[in-house]
There are 2 protein chains.
Amino acid sequence: MSRVTIKDIARKLNVSATTVSNALNGKPGVGKSARKEIQDLARAMGYQPNYFAKGLVSRQSYAIGLVITNITDPFYPELALGVQEKAGEFGYSTMLFNTNHNQESQETIIRMLGAKGVDGVILSTVRQDDPAIDLLDEMEMPYVLVNRMILNPRKAGHIDSVTLDNYSGSHQAATHLCRLGHTRIAVIAGDMDASTAITRTSGAVDAFKEWGVSIPDNWFVDCGYTKDRAFTAAQKIFTCSAPRPTAILAQDDNMALGVREAAYAAGLRIPEDLALVGFNDISFASLIGIELTTIRQDQHHMGMTCAEILIKKLQDPKRRGLCNNVLIQTELVIRKSCGFYPDGYT
Amino acid sequence: MSRVTIKDIARKLNVSATTVSNALNGKPGVGKSARKEIQDLARAMGYQPNYFAKGLVSRQSYAIGLVITNITDPFYPELALGVQEKAGEFGYSTMLFNTNHNQESQETIIRMLGAKGVDGVILSTVRQDDPAIDLLDEMEMPYVLVNRMILNPRKAGHIDSVTLDNYSGSHQAATHLCRLGHTRIAVIAGDMDASTAITRTSGAVDAFKEWGVSIPDNWFVDCGYTKDRAFTAAQKIFTCSAPRPTAILAQDDNMALGVREAAYAAGLRIPEDLALVGFNDISFASLIGIELTTIRQDQHHMGMTCAEILIKKLQDPKRRGLCNNVLIQTELVIRKSCGFYPDGYT
DNA sequence: CTTTTTTAGTTTAACGTTAAAGTTGATTCT
DNA sequence: AGAATCAACTTTAACGTTAAACTAAAAAAG
């Protein structure tokens with residue numbers, strides 16, 4: 001691989017290595033004809049600058065790390081793609097790592113990213129007071145959070161984040177159920193140590209208040225963002241509650257799918273016996289037979305946005321002091337799972 | 001980041017940099033007590049070896065590249081996860097790149113991987129006679145193909161690959177349809193320039209022969225591996241063919257979902273009016289209301305396998321000459337989309 | 001026409017690590 | 001006891017690139 005070095009080119013043309021370097025990097029101090037000669041020869045010889053030598057002197061890797069929980073969660077692929085595309089535009093490559101929700105491995109990964117010399121990190125799905133954040137601060141590694149923000153106002157002011165407008169998304173979803181006349185609504189919440197779940201819950205609670213809907217405590221289930229846990233939680237609600245809820249607000253489409261399976265298992269029809277709303281609009285939510293009413297978010301855009309914030313910050317030291325907290329707007333997508341079809345939708 | 005160098009440690013302990021390096025890398029020539037002292041101080045100072053300096057002298061990056069078409073295709077996340085996990089076990093990190101089916105960007109990506117000094121590449125979904133392969137050979141970059149193999153016997157002998165046993169998988173699927181009594185079967189084939197599609201088609205064709213089923217030419221559609229194209233292809237078949245096929249063999253679950261939507265749009269019920277088989281068993285194939293009969297494959301295992309082959313090859317030059325072509329076994333998963341439920345399945 | 005400035009270079013050193021060759025002084029062998 | 005071996009180091013150089021300081025000649029300025 002890349003065996004041709006700057007020195008080889010220099011030797012052939014009887015110039016110094018520095019001149020070659022300057023010529024190829026568009027720096028001044030090289031004559032017009034010599035520059036062209038050098039560039040042509042470099043191309044002809046298939047010269048590729050050595051990444052390690054460059055990194056050693058510049059202390060830049062032009063690589064960023066993207067740390068997610070698990071790429072097999074349908075929430076992430078589109079996000080990862082957005083990050084990679086935007087990073088690619090700036091000439092950065094992306095290293096993707098899965099923590100599998102494991103705190104320890106998250107720290108190991110971050111340390112490794114540091115050792116590999118990435119220029120910055122995009123960190124998804126951190127918890128409040130996550131030690132990963134302190135670690136990154138300590139390493140003086142630039143980073144941007146995505147899909148979670150730090151709510152603690154003391155920290156929040158200097159931590160960049162790109163998140164959904166979870167409050168208004170969840171408010172929209174809850175309002176939709178209330179408007180359809182539901183008054184017995186259960187909320188299957190994601191991990192309540194996550195900013196998304198906290199904010200989504202408060203959006204729903206406020207909507208319920210506005211509509212005068214009150215909900216028993218045991219219909220708020222803090223169950224963790226997985227299909228299986230949502231299945232179990234829903235099962236419990238269906239068997240233990242009389243009267244049963246007529247609607248369920250799941251804070252995530254995967255969880256909604258879990259609820260759906262539990263509902264079918266309990267002999268309930270959707271939407272006839274149970275209205276169901278999800279959150280995320282993963283690709284499969286639109287399939288015939290599923291047709292989940294949900295809150296759409298543009299993960300691709302989220303990915304692009306956080307990559308852009310990070311890289312601009314890397315490239316422009318002036319931006320270092322500024323703090324970006326971007327809220328991505330959501331959209332209510334009405335399908336069939338709540339039993340209300342808008343005009344033109346069949 | 002990683003500001004502590006070997007020299008800092010050396011200076012503090014009045015030894016040479018080489019001794020520190022040797023002590024930390026477990027090499028001989030360092031006294032027991034000195035070694036311990038060095039290791040302790042290194043830990044205390046938070047020493048992290050500089051990746052670029054190491055790479056510059058060792059010419060190893062401990063990074064591999066994984067080139068796929070698009071991570072948002074549900075086929076890939078599990079594969080990517082498997083690659084990363086296995087690579088991680090060996091201390092390698094993975095750089096993921098999406099070609100978006102674009103030949104040119106694939107070549108750009110491979111060149112960039114070369115420039116970034118990855119030690120090897122896992123390349124998915126190449127075409128027969130793909131220029132990417134020549135490029136990798138020319139760069140003398142070790143690589144393993146996954147999900148495709150090169151059928152041309154002149155080349156095949158020295159190209160590692162990990163693929164499904166597509167022939168027998170497709171044979172199983174076709175046999176299943178024939179055994180259920182179908183004789184009017186259409187095949188929606190993926191891109192016929194891909195080894196998977198070629199092999200899957202030949203497995204199906206052989207099964208049809210064995211059952212004496214003959215199929216008109218226009219019921220073999222070479223349509224490209226996407227849901228949308230499969231939708232269009234199926235639509236055409238439903239409207240143009242009389243009598244209509246009673247079963248469709250889709251060479252991919254996404255395509256099967258496209259066929260499913262087209263069938264519903266044409267007023268056909270599944271399985272009553274149309275039996276449908278997919279291929280891959282993506283996670284959504286099992287959802288209630290979809291319940292697609294399909295061929296399961298273990299992408300995670302595929303990912304692990306190809307990462308292992310690549311890295312073992314990187315680490316052991318003796319293996320360089322050997323060629324691995326691993327076939328991963330498939331399994332027929334019978335759900336409801338063909339109208340036959342085995343015992344215990346409701 | 002001398003002095004200053006500019007252009008087009010060169011030389012040196014540094015980034016952090018490690019391989020290779022050299023230097024001690026102690027230990028073992030005969 | 002003297003030679004050979006060994007252990008525990010050190011010194012030097014190299015990996016490929018670039019920043020910084022230098023030089024020589026040409027061009028511009030006075």
Side-chain angles (χ1 to χ4, degrees), chain A residues 1-39 41-42 45-63 91 112 114-119 139 317, chain B residues 1-39 41-42 45-63 91 112 114-119 139 317:
Chain A
M1 277 108 45
S2 93
R3 244 169 234 88
V4 186
T5 75
I6 263 186
K7 285 184 186 171
D8 298 326
I9 300 174
R11 213 171 300 129
K12 284 217 180 184
L13 294 177
N14 269 312
V15 295
S16 71
T18 302
T19 299
V20 176
S21 172
N22 288 335
L24 295 176
N25 292 306
K27 300 219 169 150
V30 188
K32 228 179 170 189
S33 64
R35 166 161 281 145
K36 186 167 184 323
E37 220 178 351
I38 291 169
Q39 284 169 340
L41 183 61
M45 294 175 73
Y47 168 73
Q48 290 275 84
N50 181 299
Y51 177 68
F52 298 103
K54 254 186 135 118
L56 186 57
V57 14
S58 73
R59 289 153 185 295
Q60 289 220 293
S61 62
Y62 290 96
M112 193 222 275
K116 292 248 171 181
V118 299
D119 296 339
M139 291 162 72
Chain B
M1 275 106 45
S2 97
R3 243 167 235 91
V4 186
T5 75
I6 264 186
K7 284 184 186 170
D8 299 326
I9 300 174
R11 214 171 300 130
K12 284 218 179 183
L13 294 177
N14 268 313
V15 293
S16 71
T18 302
T19 300
V20 175
S21 172
N22 287 335
L24 294 176
N25 292 307
K27 301 220 169 148
V30 188
K32 228 180 170 188
S33 62
R35 167 160 283 149
K36 188 169 183 317
E37 220 179 349
I38 291 169
Q39 285 169 340
L41 183 62
M45 294 175 72
Y47 169 73
Q48 290 274 87
N50 182 299
Y51 177 68
F52 299 102
K54 253 186 136 119
L56 186 56
V57 13
S58 72
R59 286 150 188 298
Q60 288 221 297
S61 63
Y62 289 97
M112 193 223 276
K116 291 248 170 182
V118 299
D119 296 337
M139 292 163 71

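Order of the sequence lines fixes the chain letters, A, B, ..., with proteins taken first and strands second; residue numbering starts at 1 for each chain.
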request  = Quickly work out the Gln60(B) CD to dA19(C) P distance and round it to whole Å.
outcome  = 11 Å
message = Would you say that Thr19(B) contacts Ile38(B) through its side chain, given a criterion of any heavy-atom pair below 4.5 Å between the two side chains?
response = yes
inquiry  = Checking the side chain of Tyr47(A) only, and the main-chain atoms of Gln39(A) only, is there a donor and an acceptor separated by less than 3.5 Å?
reply    = no
ask   = 5'-most contact on DNA chain C: Lys27(B) or Ala53(B), nearest heavy atom basis?
value = Ala53(B)
Separation of dG16(D) C1' from Lys54(B) NZ (nearest whole Å) = 19 Å
request  = Report the distance from atom CG of Asn25(B) to atom C1' of dA20(C), rounded to the nearest whole Å.
outcome  = 16 Å
ask   = Under 4.0 Å between a side-chain N or O of Ser21(A) and OP1 or OP2 of dT17(D)?
value = no
ask   = Any donor and acceptor pair, going by atom type alone, linking the side chain of Lys116(B) with main-chain N or O of Tyr62(A) inside 3.5 Å?
value = yes
Write out a two-atom table: protein N or O, nucleotide N or O from nucleotides 7-10 of chain C, distance below 3.5 Å.
from	atom 1	to	atom 2	distance (Å)
dG9(C)	OP2	Gly31(A)	N	2.7
dT10(C)	OP2	Ser16(A)	N	2.6
dT10(C)	OP2	Ser16(A)	OG	2.7
dT10(C)	OP2	Thr19(A)	OG1	2.8

Rounded distance (Å) that lies between atom P of dA14(C) and atom CG of Asn50(B) = 17 Å
request  = Kindly say whether Ala17(B) contributes a backbone atom to a donor-acceptor pair with the side chain of Ser21(B) at under 3.5 angstrom?
outcome  = no
task = Would you give the length of the straight line joining atom CZ of Arg59(B) to atom CZ of Arg3(A), rounded to the nearest 0.5 angstrom?
result = 8.0 Å
ask   = Going from CD1 on Ile6(A) to CG on Asn25(A), what distance comes out if it is rounded to the nearest 0.5 angstrom?
value = 7.0 Å
query = What pair of heavy atoms forms the shortest contact from Gly114(B) to Met139(B), and how long is it?
reply = CA-CE, 3.6 Å
key: For atom CG of Asp8(B) and atom C1' of dC15(C), their distance in whole Å   = 13 Å
ask   = In whole Å, what is the span from the CD1 atom of Ile6(A) to the P atom of dA19(D)?
value = 11 Å
ask   = What integer distance in Å separates Leu56(B):CG from dT18(D):P?
value = 12 Å
task = Remember a base hit wins even if backbone is also touched, and classify Tyr51(B) as base, sugar-phosphate or nothing at under 4.0 Å, heavy atoms.
result = nothing
task = Rounded to the nearest angstrom, tell me the gap between atom CZ in Arg59(A) and atom P in dT18(D).
result = 15 Å
